[in-house]
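Numbers restart at 1 for each chain; the letters A, B, ... are given by sequence-line order, proteins then strands.
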Amino acid sequence: MGKKILVVDDSRTVRQLVSETLAPAGYEVLHAADGFEGAGAIARGGDIELVICDVNMPKLGGIEMVAIIKQRPQNAKLNVLMLTTEGSPASIARAKAAGANGWIVKPFKPDVLLATVKRLAGSA
Amino acid sequence: MPLIDARICAVRRSGPAIQRRGRGKTLRAAETQELRRIVVDAVQHVLPACGLDVAPPTEAGAEQPGAEEVVAFMGFTGDSLRGTVAIAAPLELMRAAYPLVLDDAGLWQLEVFDWAGEIANRLLGRIKHSLVQRSISIEASTPRVMLGEQLRISRPTDGTVCAAAFPVGAAFVRVWFDASTIEDSTLLDDPNGPNSAPEGDVLLFD
């Protein structure tokens with residue numbers, strides 16, 4: 001199996017769209033439906049190379065999830081890419097301060113997403 | 001078959017604290033007109049990218065008798081503006097717009113509900129993008145999606161900024177946007193606010 005990418009988004013459709021972009025390139029795509037599920041998946045370990053994360057989600061938002069997971073030293077080098085409809089400078093600054101590594105405003109271009117994943121996680 | 005999307009949820013519990021603010025106040029006519037233009041532009045930008053090739057709007061009232069319609073709602077609030085956005089479309093139209101292969105034998109309606117919520121999310125994201133450029137910041141709820149027949153909405157109020165029907169073939173996508181401002185605040189007077197990040201582009205942090 002290829003490198004593991006965790007997609008955290010409350011839209012199952014978006015998670016599937018990301019999967020259809022990354023899986024053919026050899027990545028193994030894991031899914032979580034909100035920040036709590038995402039943080040849980042990361043806490044369980046499993047060699048996740050990259051997290052792709054929405055911002056506005058129920059239970060726990062994406063930026064808050066990033067802030068929580070980045071408090072643990074073992075996640076310090078875990079790359080996080082925000083994928084969201086939001087694009088305000090204030091939100092982007094909050095994500096950067098929380099420890100995110102990049103930001104894409106939806107809708108995403110599949111080739112751009114794949115190139116960004118390769119840059120942050122390496123080839124599958 | 002549950003008729004309500006599993007994504008139904010309360011307004012986000014996390015994120016910036018939302019402070020109690022003053023009573024809502026009706027927007028001035030010029031503000032309503034400018035906001036309506038922002039909403040219509042957002043609809044015409046977002047919906048075609050989501051598989052709904054809308055034509056220019058007519059005023060709402062385009063009844064779709066007997067049609068099962070999916071309706072997605074989102075609320076928003078901020079320092080100077082708060083309100084709701086709702087988008088409704090026939091179930092079959094939304095099904096045709098779904099971007100992935102649907103399993104006819106499976107729970108395809110839930111997938112379509114999910115997509116309707118995502119469209120509402122993208123629509124409000126685009127509106128937020130335009131508002132940021134006017135130095136107006138809003139925080140959105142998560143979407144709520146329902147299915148029903150002969151959907152009607154209460155008659156327009158002073159807070160109705162946009163109640164329009166956008167033709168898609170022989171059907172319509174209906175969009176409602178209601179907003180009020182906060183007492184003593186002035187909207188849309190700063191056309192030179194910060195720019196939002198453009199759609200699809202990548203920002204990588206140091």
Seminar exercise, completed: If one checks every heavy atom of A:T116 against chain B at 4.5 Å, the contacting part turns out to be side chain

For this session: Search all heavy atoms of A:T13 against all heavy atoms of B:D114 and return the closest pair with its distance.
Result: OG1-OD2, 2.6 Å

Problem set entry | CG (A:D111) with more than 12 external heavy atoms under 6.0 Å | yes

Exercise. Nearest heavy-atom pair of B:A197 and A:I92: which atoms, and what distance?
Worked result: CB-CD1, 3.7 Å

Problem set entry | Choice from B:L123, B:V46, B:V202, B:L124 maximising heavy atom contacts with chain A below 4.5 Å | B:V202

For this session: Please state whether the side chain, the backbone, both or neither of A:I104 comes within less than 4.5 Å of a heavy atom of chain B.
Result: both

Seminar exercise, completed: Cut-off 4.5 Å, heavy atoms of chain B, and the answer for A:A67 is neither

Problem set entry | Crowding at NZ, A:K118 (>12 non-hydrogen neighbours, <6.0 Å) | no

Exercise. Does a side-chain heavy-atom distance below 4.5 Å link B:L203 with A:M82?
Worked result: no

Problem set entry | Beyond-backbone contact of B:P198 with A:V105, side-chain heavy atoms, under 4.5 angstrom | no

Exercise. So what's closer than 4.5 Å to chain A heavy atoms on B:L204: side chain, backbone, both or neither?
Worked result: both

Exercise. Should B:E199 and A:K106 count as an ion pair when the cut-off is N to O under 4.0 Å?
Worked result: no

Exercise. Is atom CZ of A:R119 surrounded by more than 12 heavy atoms (other residues, nucleotides or ligands) closer than 6.0 Å?
Worked result: no

Problem set entry | Residue part contacting chain B, namely of A:L120, when any heavy atom lies under 4.5 Å | side chain

For this session: Taking all non-hydrogen atoms of both residues into account, name the closest pair between A:M57 and B:T142 and its distance.
Result: C-CG2, 3.7 Å

For this session: Give the minimum heavy-atom separation between A:P89 and B:S196, together with the two atoms involved.
Result: CD-CA, 4.4 Å

Exercise. Can you name the nearest heavy-atom pair linking B:R122 to A:V14, along with the distance?
Worked result: NH2-CG2, 4.1 Å

Exercise. How many angstroms lie between atom CD of B:E118 and atom CG of A:D54, to the nearest 0.5 angstrom?
Worked result: 7.0 Å

Exercise. When only pairs under 4.5 Å are counted, which of B:V132, B:L100, B:N195 shares the most heavy-atom pairs with chain A?
Worked result: B:L100

Problem set entry | Neighbour count above 12 (heavy atom, 6.0 Å) for B:E92 CD | yes

Exercise. Any side-chain heavy-atom pair from A:S11 and B:N121 closer than 4.5 angstrom?
Worked result: no

Problem set entry | Test side-chain contact (heavy atoms from CB on, under 4.5 Å) applied to B:R126 and A:T85, step by step | CA-CA 7 Å; B:R126 183 70 184 183; A:T85 60; over 6 Å; no

For this session: Work out which heavy atom in A:N56 is nearest to a heavy atom in B:S141; give both atom names and the distance.
Result: ND2-O, 2.9 Å

